[in-house]
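Shown next, in structure tokens, is the structure this report addresses.
Because the structure is predicted, anything quoted here is derived from the model rather than measured. For the single chain, residues carry numbers from 1 onward in sequence order.
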Amino acid sequence: MKNAELSLEVDNTKLTADNFKSKYKTELSLLQFITADIKEVKTTGSHLQMETDCLKVELQMLNEELSCLKKDHQEDIVKLQEDQSKCQVKVEVNSQPANDLTKALEEMREHYKVIVWSSNKKTEPWLVSKFRQCNYQNTMALEPLQTQKREVTLLRRTTQNLEAELENLHNLKASRMATLTETEQNYAAQLQRMQNIISRREDELAKTRAEFKQMSADGGILHYLKDLLEMEIKTYGQLMDAEEIRMDTSNGPLRTSTSKQSEFIAVTDLYISTLGRRSQLRLKQYTYSSLCSCIGA
């Protein structure tokens, strides 16, 4: 359980680290976009500053040209006046009194001034309306452009956030798949161990059953041999009792008892040779103990 808790904490820390990495990447991308926008604004400002400088220079040049033209005009007027003063011609002509040209020119000038003033007065509101309309159109064209730029930036941010979330989900899926494969491998190994244990226990059970069957068979044979041996012991006891009665000497019974004992052991060995090693050992122990008890009796 502690290992599982530690693994969960490790996974959580990895996920938080991945989240921080994704957030760092998004913030870094936003910073890059903002720096790029700032650079663009700076470049546009520098371009505008250069254009204003160029316009100022052109204005100075035009002012200088205007001043030069004014000077030239004044010089030409002075020259013309000097020429008129130098070459004066007096001509006397008897004619009708002509119209005053200066007065006519003044009247024409006044007339044209009135026409120009009236035309300016008529065209000024049209120009103002056109200027306002152009400004309104420019502002209306700039507003959707700015809104579109904002939407583009918002979409970029949302796409970056979604990409970060997708990457986090992929990482979470990979970690879950890794844990799933690890748990499957662990359970498969445990199942294999259990199957091996079950197979070993089945083999042991089969062996024990076979041994039990063998022991039951050996037990039946031993019971049969026990009955035979008891019958043999009874017959040999009767014979030994008869021999003891018959024999009068002291050494005779010992010889007959030893000969009978050797014959009894030979018979038992003949029966034991048909059995296995375990039954042989048990049968020998049983026969020797019964023999000893019989001899003691």
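Between the side chains of S29 and Q160, at least one donor-acceptor pair of N or O atoms lies under 3.5 Å.
Residues T26 and N161 have side chains in contact (heavy-atom distance under 4.5 Å, counting atoms from C-beta outward). The shortest side-chain heavy-atom distance between E27 and L31 does not fall under the 4.5 Å cut-off. The side-chain heavy atoms of K25 and E167, taken from C-beta on, include a pair separated by under 4.5 Å.
Between the NZ atom in K14 and the OG atom in S7 there is a gap of 10.0 Å [rounded to 0.5 Å]. One finds the CZ atom of R200 at 11.5 Å from the NZ atom of K207 (value rounded to the nearest 0.5 Å). Rounding to the nearest 0.5 angstrom, the gap separating the CD atom in E58 from the CG atom in D53 is 11.5 Å. I198 contributes atom CD1, which lies 12.5 Å from atom CG of L205 (distance to the nearest 0.5 angstrom).
By the salt bridge (Lys or Arg N to Asp or Glu O under 4.0 Å) test, E184 pairs with no residue at all, sequence neighbours left out.
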Inset, instruction - Test side-chain contact (heavy atoms from CB on, under 4.5 Å) on L30 and R157 and set out the steps. - result: CA-CA 8 Å; L30 288 172; R157 289 178 183 176; 3.3 Å; yes
Inset, instruction - Show the numbers, then the answer: is there a side-chain contact (heavy atoms from CB on, under 4.5 Å) between L15 and N168? - result: CA-CA 7 Å; L15 289 171; N168 290 325; over 6 Å; no
Inset, instruction - Check the pair L180, R176 against side-chain contact (heavy atoms from CB on, under 4.5 Å), reporting the backbone distance first and the verdict last. - result: CA-CA 6 Å; L180 181 62; R176 292 288 185 274; over 6 Å; no
Inset, instruction - Test K113 against V116 for side-chain contact (heavy atoms from CB on, under 4.5 Å), laying out the working first. - result: CA-CA 5 Å; K113 282 181 181 178; V116 168; 5.7 Å; no
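Under a 4.0 Å N-O distance rule, the pair E204/R201 qualifies as a salt bridge.
Residue V41 comes nearest to T44 through the heavy atom pair O-OG1, 2.6 Å, listed as atom of the first residue, atom of the second, then distance.
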